[in-house]
Amino acid sequence: RMPKGKAVRVRVIESHGRRILQAEERPGEPWDVYPSAVGIVTQVNRDKRFCHVELQGGLHCRILHKDDPGAVSLQIGDAVDVKCRFDRMHMTLNVLSWKESRSLPSVDFCKPFTGSCKDTDARHGARVEDVWIPVKLFEDAGLSVATRIKGLAIKEKKGWKAITLAPAD
């Protein structure tokens, strides 16, 4: 029996459905028949043991800690290269494999920002250029809207939204 995702060559016969005649190993990476996509970790839920990953085009998936204990080390804002399969029964993308990525997704979807806040609203948040920063990010980072800040933003339906925040150098 081969491990899940193993690169294999399969011979089948089409007679009253499909029957596998032969399966043999071939050169290749695990799950290499699935395309990879670079996404950004936007939520880490340690209690429910998963990381939520946003992908370009409004798609998203979850990396379950039970499937890969290494996912526990992921942080919000980390770039990950994921291979996913669409689950028609549950209408979700299931992560088959992932690894940390050294590159960010396309600048149409994810971008770093730096600047001073404008259009501040103490109850809802503030803006740095075209990036909306929710007040919760300021609270979590222990920053005020008067601080010069930097962070990472992703493109959502309503525009750019910050997912990480830190004081600018």
Side-chain angles (χ1 to χ4, degrees), residues 4-7 27-119 121 124-141 143 145 148-169:
K4 283 184 179 182
K6 183 76 174 163
E29 296 290 318
W31 304 109
D32 63 2
V33 296
Y34 290 94
S36 64
V38 178
I40 296 292
V41 175
T42 57
Q43 179 186 8
V44 176
N45 190 323
R46 304 233 187 270
D47 294 333
K48 294 184 179 179
R49 302 184 38 79
F50 73 86
C51 298
H52 186 266
V53 178
E54 290 285 334
L55 303 168
Q56 197 158 355
L59 299 173
H60 56 90
C61 58
R62 289 183 176 175
I63 299 173
L64 303 177
H65 296 179
K66 71 178 176 96
D67 293 342
D68 188 338
V72 174
S73 66
L74 290 172
Q75 300 292 319
I76 293 173
D78 286 349
V80 290
D81 191 348
V82 293
K83 290 190 178 193
C84 299
R85 175 179 58 210
F86 185 70
D87 179 344
R88 290 184 184 153
M89 180 184 288
H90 298 103
M91 301 300 286
T92 59
L93 280 177
N94 291 336
V95 174
L96 301 170
S97 70
W98 70 273
K99 61 184 177 184
E100 290 190 56
S101 174
R102 291 191 176 137
S103 61
L104 290 175
S106 154
V107 292
D108 297 336
F109 169 66
C110 177
K111 70 176 185 176
F113 67 92
T114 303
S116 299
C117 294
K118 297 179 177 102
D119 303 325
D121 177 345
H124 297 104
R127 282 194 183 281
V128 169
E129 297 174 13
D130 59 346
V131 176
W132 175 249
I133 306 154
V135 72
K136 181 160 178 19
L137 275 182
F138 284 103
E139 292 169 355
D140 291 349
L143 299 171
V145 293
R148 186 167 160 75
I149 55 175
K150 66 180 180 180
L152 190 64
I154 60 170
K155 183 85 171 209
E156 293 189 337
K157 289 179 185 174
K158 295 181 180 181
W160 291 100
K161 180 181 174 187
I163 59 168
T164 66
L165 196 61
D169 299 331

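From a predicted model like this one, the values you see are computed outputs, not experimental measurements.
Around CZ of Arg46, the count of heavy atoms belonging to other residues, nucleotides or ligands within 6.0 Å exceeds 12. Counting non-hydrogen atoms of neighbouring residues, nucleotides and ligands closer than 6.0 angstrom, the CD atom of Glu156 exceeds 12 such neighbours. When the shell of 6.0 Å around CD of Gln43 is examined, it contains more than 12 heavy atoms from other residues, nucleotides or ligands. Atom NZ of Lys161 sits in a sparse spot, with 12 or fewer heavy atoms from other residues, nucleotides or ligands closer than 6.0 Å.
Atom CH2 of residue Trp160 and atom CD1 of residue Ile133 lie 13.5 Å apart, to the nearest 0.5 angstrom. Here SG of Cys110 is found 11.5 Å from CG of Leu55. Values are rounded to the nearest 0.5 Å. Going from atom CD1 of Ile154 over to atom CG of Leu104 covers 12.0 Å, rounded to the nearest 0.5 Å.
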- Task: Go through the steps to decide whether Gln75 and Cys51 satisfy the test side chain to side chain contact (heavy atoms under 4.5 Å, CB included), and finish with yes or no.
- Result: CA-CA 8 Å; Gln75 300 292 319; Cys51 298; over 6 Å; no
- For Asp67 and Lys4, what are the C-alpha separation, side-chain angles and deciding distance, and is it a salt bridge (charged side-chain N to carboxylate O under 4.0 Å, His left out)? CA-CA 12 Å; Asp67 293 342; Lys4 283 184 179 182; over 6 Å; no
- Item | Stepwise side chain to side chain contact (heavy atoms under 4.5 Å, CB included) test for Phe113 and Leu165 | CA-CA 9 Å; Phe113 67 92; Leu165 196 61; 4.1 Å; yes
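For Asp81, the side-chain hydrogen bond (donor to acceptor under 3.5 Å, both in side chains) criterion is met by Ser36, not counting sequence neighbours. Every side-chain hydrogen bond (donor to acceptor under 3.5 Å, both in side chains) that Lys136 has, sequence neighbours left out, goes to Asp140.
For the pair Ser101 (side chain) and Ala79 (backbone), a donor-acceptor distance under 3.5 Å is absent.
A cation-pi arrangement is absent between Lys158 and Trp132 under the rule of less than 6.0 angstrom and at most 45 degrees off the ring axis.
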